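Not measured: the values here are computed from a predicted model. Start at 1 and go down the list; that is how both ligands and their atoms are numbered.
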Amino acid sequence: MKHAPFIAVEGPIGAGKTTLATMLATELQLPVIKEIVDENPFLDKFYQNMDDWSFQLEMFFLCNRFKQLEDTTVQYIDQGKPVISDYHIYKNLIFGERTLKGSKRDKYREIYHILTDDFPKPNIILYIRADLDTLLARIAKRARTFEEIIAPAYLEQLIEDYDDAMASLALREPSTVIVTIDGNQVDFVENPEDFTAIAEQVKELMK
Ligand SMILES: Nc1ncnc2c1ncn2[C@@H]1O[C@H](COP(=O)(O)OP(=O)(O)O)[C@@H](O)[C@H]1O
Ligand SMILES: Nc1nc2c(ncn2[C@H]2C[C@H](O)[C@@H](COP(=O)(O)O)O2)c(=O)[nH]1
């Protein structure tokens, strides 16, 4: 590994990223970096009108994650300390490529690369795959009001985008370990053995 274990949990909306990252952080006694969601001023507006609000929203996520990644690098990676995050910065591009159009998409892509290319990236990715029914059930369980109007077609598209993105990342960065977790079958919340198996695998990878 080029640097200390930097673990990212990824997957589409509602797959269980925050839940798994938090459980692993407790089990492995690691610091955890979490997405800022509740203070996001654009998410609500974005779900009501994606075309009008996507650029503001994607830029907001990018700037927040840039700051978190900057801090993570200084506080943990540069110090050789392992850390876990409930997202990978690449998520910005997965969403941006889907929600933005035309010149805004081109500008956003350029800004993404300028801001993030020189940062250390996660060397272990836990990718939770889940089908539409599972995602819808978990989003409903989380019960954030602004997510009630998320269109199933948008989620279906994101499921595909995530698969494509993970496949392209695997080709581009062969040294990054990607562990795919079947979120429909493996239930790290309800089945302690499922969680233990994931935690043991991560411990091995961190050695
Ligand atoms: N494996 C699972 N089994 C049952 N419920 C789960 C599971 N993983 C997550 N959840 C629940 O689903 C909801 C969404 O999970 P969350 O971790 O917020 O997803 P994400 O961070 O990927 O959007 C939460 O209410 C969480 O408690
Ligand atoms: N358009 C974007 N939406 C994003 C991005 N990151 C997160 N989100 C949305 C999806 C959920 O409604 C909420 C929380 O995300 P989770 O994946 O943790 O459920 O925020 C993004 O970069 N662009």
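The residue among Met23, Arg138, Arg142 with a heavy atom at the shortest distance from atom 6 (C) of ligand 1 is Arg138. In this structure, of Val37, Leu43, Leu135, the residue bringing a heavy atom nearest to atom 20 (O) of ligand 2 is Leu43.
Contacts between Arg65 and ligand 2 below 4.0 angstrom, taking non-hydrogen atoms only, involve the side chain exclusively.
Polar contact check, Val186 against ligand 1: no nitrogen or oxygen pair lies under 3.5 Å apart.
Among all protein heavy atoms, the one lying closest to atom 27 (O) of ligand 1 is Thr19 OG1, 4.0 Å.
Which parts of ligand 1 touch Gly16 is read off a 4.0 Å heavy-atom cut-off, strictly below it: atoms 8 (N), 9 (C), 15 (O), 16 (P), 17 (O), 19 (O), 20 (P), 22 (O). Here is the list of ligand 2 atoms found below 4.0 Å of a heavy atom in Glu147: 11 (C), 12 (O), 13 (C). With ligand atoms numbered from 1 in the order given, ligand 1 contributes 17 (O), 21 (O) to contacts under 4.0 Å with heavy atoms of Thr18. Short contacts between ligand 2 and Phe46, defined as distances under 4.0 Å to a heavy atom of the residue, involve ligand atoms 1 (N). In summary, the atoms of ligand 2 found under 4.0 Å from a heavy atom of Arg142, numbered by their order in the structure, are 19 (O). Residue Tyr154 has at least one heavy-atom neighbour below 4.0 Å for each of these atoms of ligand 2: 1 (N). Against a heavy-atom cut-off of under 4.0 Å, Lys17 is close to the following atoms of ligand 1: 17 (O), 19 (O), 20 (P), 21 (O), 22 (O), 23 (O). Counting atoms of ligand 2 from 1 in the listed order, those under 4.0 Å from a heavy atom of Tyr47 are 9 (C), 10 (C), 11 (C), 12 (O).
Residue Thr72 holds its OG1 atom at 10.0 Å from CD of Glu70, rounded to the nearest 0.5 Å. A distance of 5.0 Å separates CD of Glu147 from OH of Tyr47, quoted to the nearest 0.5 Å.
In this structure, Arg172 is positioned above the aromatic face of Tyr90, its NZ or CZ under 6.0 Å from the six-membered ring centre and within 45° of the axis.
Residue contacts with ligand 1 include Asp187, since one or more of its heavy atoms lies under 4.0 Å from the ligand. Look at Trp53 and you'll find every heavy atom at least 4.0 Å from all atoms of ligand 2. In this structure, Tyr87 does not count as a contact residue of ligand 2, since none of its heavy atoms falls inside 4.0 Å of the ligand. Remark: distances from the non-hydrogen atoms of Ala15 to ligand 1 include one below 4.0 Å.
The minimum heavy-atom distance between Tyr87 and Ala8, with the atom names listed, is O-CB, 3.6 Å.
The six-membered or imidazole ring of Phe66 lies near that of Phe119, with a centre-to-centre distance under 6.0 Å.
Salt bridge annotation for Glu110-Lys107: absent, with no cationic side-chain nitrogen under 4.0 angstrom from a carboxylate oxygen. Between Lys104 and Glu58 no salt bridge is recorded (no basic side-chain N to carboxylate O distance below 4.0 Å). Using a 4.0 Å cut-off between charged side-chain N and carboxylate O, Lys45 and Asp52 make no salt bridge.
Leu115 is not listed as a side-chain neighbour of Arg65, based on a closest heavy-atom distance of 4.5 Å or more.
Of the listed residues (Thr73, Asp78, Asn123), just one forms a side-chain hydrogen bond (donor to acceptor under 3.5 Å, both in side chains) with His3, and that residue is Asn123.
The local environment of CD in Glu193 is crowded, with over 12 non-hydrogen atoms from other residues, nucleotides or ligands closer than 6.0 Å.
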